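So that the names make sense, note that chain A is the first sequence line, chain B the second, and so on, each numbered from 1. Worth saying up front: this structure is predicted, and the values here are computed from it rather than measured.
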Protein chains: 2
Amino acid sequence: MTKQDVQTDQIILEAARKVFQRSGFGGARMQEIADEAGINKASLHYYYRSKNKLFQTVFREDIQLFLVPLVGILRDPSLSLEVRIRTFVGSYIKTLTENPGLPLFIMQELSSNPGRLISLLEQNVPGIGDRYDEASAERPDGEHGVRETMFLGVFIRQIRHGMESGELNKVDPEQYILSMISMCVFPFVGRPMIRLLLGKDEQEYRDFLMDRESEIIEYLLRVLFKDYGSRHAVS
Amino acid sequence: MTKQDVQTDQIILEAARKVFQRSGFGGARMQEIADEAGINKASLHYYYRSKNKLFQTVFREDIQLFLVPLVGILRDPSLSLEVRIRTFVGSYIKTLTENPGLPLFIMQELSSNPGRLISLLEQNVPGIGDRYDEASAERPDGEHGVRETMFLGVFIRQIRHGMESGELNKVDPEQYILSMISMCVFPFVGRPMIRLLLGKDEQEYRDFLMDRESEIIEYLLRVLFKDYGSRHAVS
DNA sequence: ATTTGATTTGACTATTTAGTCAAACCAAAA
DNA sequence: TTTTGGTTTGACTAAATAGTCAAATCAAAT
């Protein structure tokens with residue numbers, strides 16, 4: 001019957017996100033989440049039956065946010081290779097700047113419970129976890145070698161083509177993608193350590209991250225495109 | 001009086017390392033550590049007074065292990081730029097292959113408690129945390145701009161020199177270092193997610209990581225050295 | 001004003017968990 | 001064999017924590 005301006009369940013969700021990201025599932029306390037949301041612990045349970053349920057809701061949203069650039073940009077068949085790289089890096093840096101705690105949280109929870117990701121993704125993309133599970137060696141022939149193309153197939157084929165046509169330097173496409181993701185994500189995962197190593201305060205590090213997008217793109221294109229040096233003559 | 005073949009405190013330490021790495025400080029249970037070590041929980045407290053004490057011991061060792069390549073190789077004044085890069089990547093990949101859970105654990109704990117790193121390092125390198133602490137803006141002049149050279153100064157100066165002499169492409173040295181570290185470390189931090197994205201099982205991913213060292217070095221040199229293309233003509 | 005149904009709360013319970021302790025154990029020295 | 005001092009253990013305590021519940025509150029509809 002009652003309707004508030006700002007929905008309580010959304011406030012709770014944001015509070016929970018904050019606390020879970022700071023302390024992980026095991027370290028998070030329901031009381032802490034209630035305090036952060038400015039409500040009673042009993043109310044917390046009124047909205048989300050249990051800690052597990054609350055966590056699942058937060059985590060499901062987070063993982064989706066994290067995967068959007070991957071499934072969206074990397075699979076879009078309309079993009080040229082260079083534009084795809086530029087767009088991906090730009091979009092990922094943007095997402096992560098807006099949600100700095102996201103990747104570490106996801107990595108941590110995935111690491112302590114890898115099955116969680118599988119079951120979450122299975123709901124959207126049936127069969128994706130097949131090769132992940134150690135035990136499931138059996139699979140009908142004919143599907144072999146297709147699995148890896150689920151998310152990244154378009155991108156990988158594009159790189160292979162460019163290599164065959166002689167336009168690109170020789171690289172392992174999977175290694176290349178991993179490097180791309182690494183350079184985007186790690187600065188957020190390793191923030192405190194990097195800050196210390198580079199001797200930067202919070203503001204300096206934010207500025208540093210602002211410059212990062214173009215720097216990464218530069219590396220990626222220089223590594224991949226044979227003619228990059230001549231296209232962008234370096235002083 | 002009694003001395004065992006394998007020291008109990010070492011067994012405990014390894015068990016604790018395993019559990020802490022899996023669940024973090026907050027999520028770890030003393031009972032779980034005791035089980036993992038095959039001893040009674042009371043014995044656990046006999047050897048390490050408290051959970052905090054045990055954690056500190058584990059974390060101190062881990063952070064040291066993680067920083068060895070950084071402070072060792074990156075600061076060694078005797079190495080040429082190319083050898084430094086090659087050695088660093090090789091050494092880091094090796095360390096992380098032997099301790100796959102290390103970086104995620106460190107990143108997580110550092111993130112939920114950044115002060116911990118400072119106080120640990122202060123013991124060895126007094127003054128290192130000065131710029132880290134938001135509040136400490138005041139510092140005697142003359143020391144400014146020297147702070148970042150604490151760990152990375154040798155490396156950064158070497159890159160600057162090469163750029164001035166025209167041997168190297170223009171890059172931001174700090175961004176370059178971050179990219180190098182990112183490409184080494186992230187594959188271990190994001191293991192479960194990358195495995196899923198690339199559709200690899202554990203064995204395949206291990207093989208994939210074995211090839212990574214040379215691939216990263218290739219990227220790094222190609223980005224940095226102007227003549228890399230001609231030195232290593234790519235078919 | 002009264003009713004109604006959703007929401008909020010303080011007080012409660014049950015369980016988990018870090019940490020303690022006295023007694024038992026054990027291997028070597030006397 | 002007895003003693004000694006480090007080690008191990010089961011049983012315990014105190015504190016923290018997830019989850020419950022009946023009563024109070026509140027805002028809108030009648």
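Relative to the side chain of B:A42, the nucleotides D:dG10, D:dT8, C:dT17 differ in distance, and D:dG10 lies closest. Checking D:dA18, C:dT20, C:dT8 against the side-chain heavy atoms of A:Y46 singles out C:dT8 as nearest. Each of C:dG10, D:dG19, C:dG19 was ranked by its minimum atom distance to the side chain of A:K41; first place goes to D:dG19. The side chain of B:K51 has C:dA18 as its nearest neighbour among C:dA18, D:dT8, C:dT8.
C:dT16 atom C1' lies 16 Å from atom CE of A:M30, rounded to whole Å. Atom CD1 of B:I39 is separated from atom P of C:dC25 by 19 Å (rounded to the nearest Å). For the pair B:I12 CD1 and D:dT8 C1', the computed distance is 11 Å after rounding to whole Å. Rounded to an integer number of Å, the gap from A:D35 CG to C:dT9 P is 12 Å. What separates NE2 of A:H45 from P of C:dA6 is a distance of 21 Å, to the nearest Å. Computed from coordinates, the A:N40 CG to D:dA24 C1' distance equals 13 Å when rounded to whole Å. Rounded to a whole Å, the CZ atom of B:R29 is 10 Å from the C1' atom of D:dT17.
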Identify all side-chain donor-acceptor contacts of residues 178-187 of chain A below 3.5 Å with residues at least two apart in sequence or on another chain.
residue: A:S179; atom: OG; partner: A:Q175; partner atom: O; Å: 3.0
residue: A:S179; atom: OG; partner: B:R212; partner atom: NH2; Å: 2.9
residue: A:S182; atom: OG; partner: A:L178; partner atom: O; Å: 2.6

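Heavy atoms of B:A34 sit nowhere under 4.0 angstrom from any nucleic acid atom.
Partner of A:F25 under the ring-ring contact (aromatic ring centres under 6.0 Å, His included) criterion, out of A:F55, A:F105, A:F59: A:F55 alone.
Aromatic ring centroids of A:F188 and A:Y205 lie 6.0 Å or more apart.
Regarding contacts with the backbone of C:dG19, every side-chain N or O of B:R49 stays at 4.0 angstrom or more from both OP1 and OP2. Between C:dT8 and A:T8, a contact under 4.0 Å exists linking OP1 or OP2 to a side-chain N or O. Regarding contacts with the backbone of C:dT8, a side-chain N or O of A:Y47 is found under 4.0 angstrom from either OP1 or OP2.
Applying the side-chain contact (heavy atoms from CB on, under 4.5 Å) rule to A:K53 yields the partners A:S50, A:T57; only residues at least two apart in sequence or on another chain are considered.
Along DNA chain C, the nucleotide closest to B:Q31 and the one closest to A:S43 are compared, and the more 5′ of them pairs with A:S43.
B:D207 and B:Q203 are linked by a side-chain donor-acceptor pair at a separation below 3.5 angstrom, with hydrogens and angles left out of the test.
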